[in-house]
Amino acid sequence: MNHISVSPNLPLEPALVRVRSLSKNFGANRVLDNVNLDVRQGEVRCLIGPSGSGKSTLLRCLNGLTDFDDGAVVLDGTRVGYAERGGALRPWTSREAAFFRRRVGLVSQHVNLFSHRTVIENVIEGPVQVLGTPRAEAVRAASELLARVGLSDKHDSYPSQLSGGQQQRAAIARALAMEPKVMLFDEATSALDPELVGEVLNVMQALARDGMTMVVVTHEMRFAEEVGDTIAVMDAGRVIEDGTAADVFGRPTNQRTADFLKDHSGFRRQ
């Protein structure tokens with residue numbers, strides 16, 4: 001990671017996730033430009049906007065998978081990417097990064113299940129290998145999670161034997177097995193056939209009802225409108241509009257937001 005030009009004395013105000021003045025460049029391309037964002041405990045925060053607007057990059061900055069050039073991210077009191085040593089901020093070691101990521105679940109369009117392991121073996125991998133959970137206890141918890149996502153009958157199946165929607169639900173169970181503080185969803189349904197999208201969104205909606213803190217990058221506008229508590233609209237690396245779902249969808253104040261929503265007026269209804 002590069003040196004970052006922020007003070008180490010960032011105030012930790014009451015928000016589970018706090019993003020301040022976040023900027024990220026890929027070469028000459030500025031993909032995040034002075035982004036500010038808060039996510040409260042139990043909130044469903046949806047990020048919408050045109051492709052290439054920086055949504056996925058922002059999500060990856062939240063759990064330290066992508067470094068950034070300026071600004072700060074604090075998640076549950078921990079500054080992401082940097083630790084204070086000797087009175088100065090230094091980049092995380094690989095061990096510090098791995099320890100932090102246990103607290104953040106990430107589900108993307110690329111499922112990345114272990115193809116040579118059964119569904120339940122995929123789900124217990126993290127708790128057993130990373131958290132040190134006894135195997136029998138991990139299996140019991142995994143069984144409960146698979147029931148929660150509607151895969152009670154798929155314990156011994158391999159990923160290749162599952163539909164795309166089932167694979168994605170298994171990936172959600174795997175992420176939940178680590179008992180994360182926040183779940184990040186990066187276009188989790190974009191690679192699915194239309195008839196499979198609903199089953200994944202229904203699981204996400206159930207998580208929201210259960211109070212899971214979620215940051216969701218999505219093009220599923222109906223889901224964002226009905227399930228999202230707050231909506232951040234991104235364009236060209238900036239947050240151009242931020243408010244409640246009712247305000248953003250019903251009374252957008254930015255013309256770019258209004259144009260984007262008009263272009264997506266035919267979004268799928270669940």
Side-chain angles (χ1 to χ4, degrees), residues 39 42-49 51 55-56 58-60 62-63 65 104-115 117-126 141-232 245 249 264 266-270:
V39 184
E43 181 178 8
V44 178
R45 190 73 143 110
C46 291
L47 308 180
I48 66 172
S51 298
K55 305 182 300 296
S56 293
L58 173 57
L59 208 68
R60 290 173 63 85
L62 296 186
N63 72 343
L65 282 173
V104 184
L106 175 63
V107 179
S108 70
Q109 59 182 293
H110 307 294
V111 178
N112 295 324
L113 294 170
F114 294 115
S115 61
R117 294 181 179 171
T118 64
V119 168
I120 200 160
E121 288 170 341
N122 269 276
V123 176
I124 70 172
E125 172 76 11
S143 296
E144 294 175 1
L145 286 173
L146 289 173
R148 188 175 177 185
V149 301
L151 294 176
S152 294
D153 60 338
K154 300 296 182 182
H155 288 203
D156 299 322
S157 298
Y158 287 88
S160 62
Q161 298 172 312
L162 304 181
S163 69
Q166 290 170 334
Q167 290 181 21
Q168 198 63 284
R169 285 184 280 149
I172 293 173
R174 180 180 60 180
L176 291 172
M178 298 296 286
E179 300 182 357
K181 289 283 187 178
V182 59
M183 286 284 291
L184 309 179
F185 292 90
D186 187 9
E187 295 288 6
T189 62
S190 64
L192 299 179
D193 292 334
E195 64 270 18
L196 301 178
V197 169
E199 64 188 54
V200 176
L201 293 181
N202 287 340
V203 169
M204 294 169 63
Q205 189 167 4
L207 292 178
R209 287 195 300 267
D210 291 342
M212 172 62 70
T213 306
M214 299 161 59
V215 184
V216 183
V217 172
T218 185
H219 280 96
E220 297 291 339
M221 295 298 105
R222 179 61 61 189
F223 175 87
E225 183 178 16
E226 294 184 350
V227 181
D229 296 304
T230 53
I231 310 294
F249 282 95
H264 287 75
F267 53 76
R268 281 190 294 268
R269 293 179 179 272
Q270 297 180 59

> Do the side chains of Phe185 and Thr218 get nearer than 4.5 Å, heavy atoms only?
Replying inline: no
> So do Ile172 and Val200 actually touch side chain to side chain, heavy atoms under 4.5 Å?
Replying inline: yes
>> Ignoring hydrogens and geometry beyond distance, is a side-chain donor-acceptor pair present between Thr189 and Gln168 at under 3.5 Å?
In response: no
> Quick one: does Leu59's side chain get under 4.5 Å of Leu106's, heavy atoms only?
Replying inline: yes
>> Can you see whether Asp156 engages Thr118 through a side-chain donor-acceptor pair at a distance of less than 3.5 angstrom?
In response: no
>> Tell me whether the count of non-hydrogen atoms from other residues, nucleotides or ligands lying under 6.0 Å of CD in Glu179 goes above 12.
In response: no
>> Assess whether a salt bridge exists between Arg174 and Glu125, defined as any Lys/Arg side-chain N lying under 4.0 Å from an Asp/Glu carboxylate O.
In response: no
> Heavy atoms, side chains only, cut-off 4.5 Å: are Val123 and Leu146 in contact?
Replying inline: yes
> Is there a side-chain contact between Asp210 and Arg148, using heavy atoms and a 4.5 Å cut-off?
Replying inline: yes
> Considering only heavy atoms from C-beta outward, does the side chain of Glu121 approach that of Phe114 to under 4.5 Å?
Replying inline: no
> Considering only heavy atoms from C-beta outward, does the side chain of Val182 approach that of Val215 to under 4.5 Å?
Replying inline: yes
> Heavy-atom distance under 4.5 Å between the side chains of Cys46 and Thr230, does that happen here?
Replying inline: no
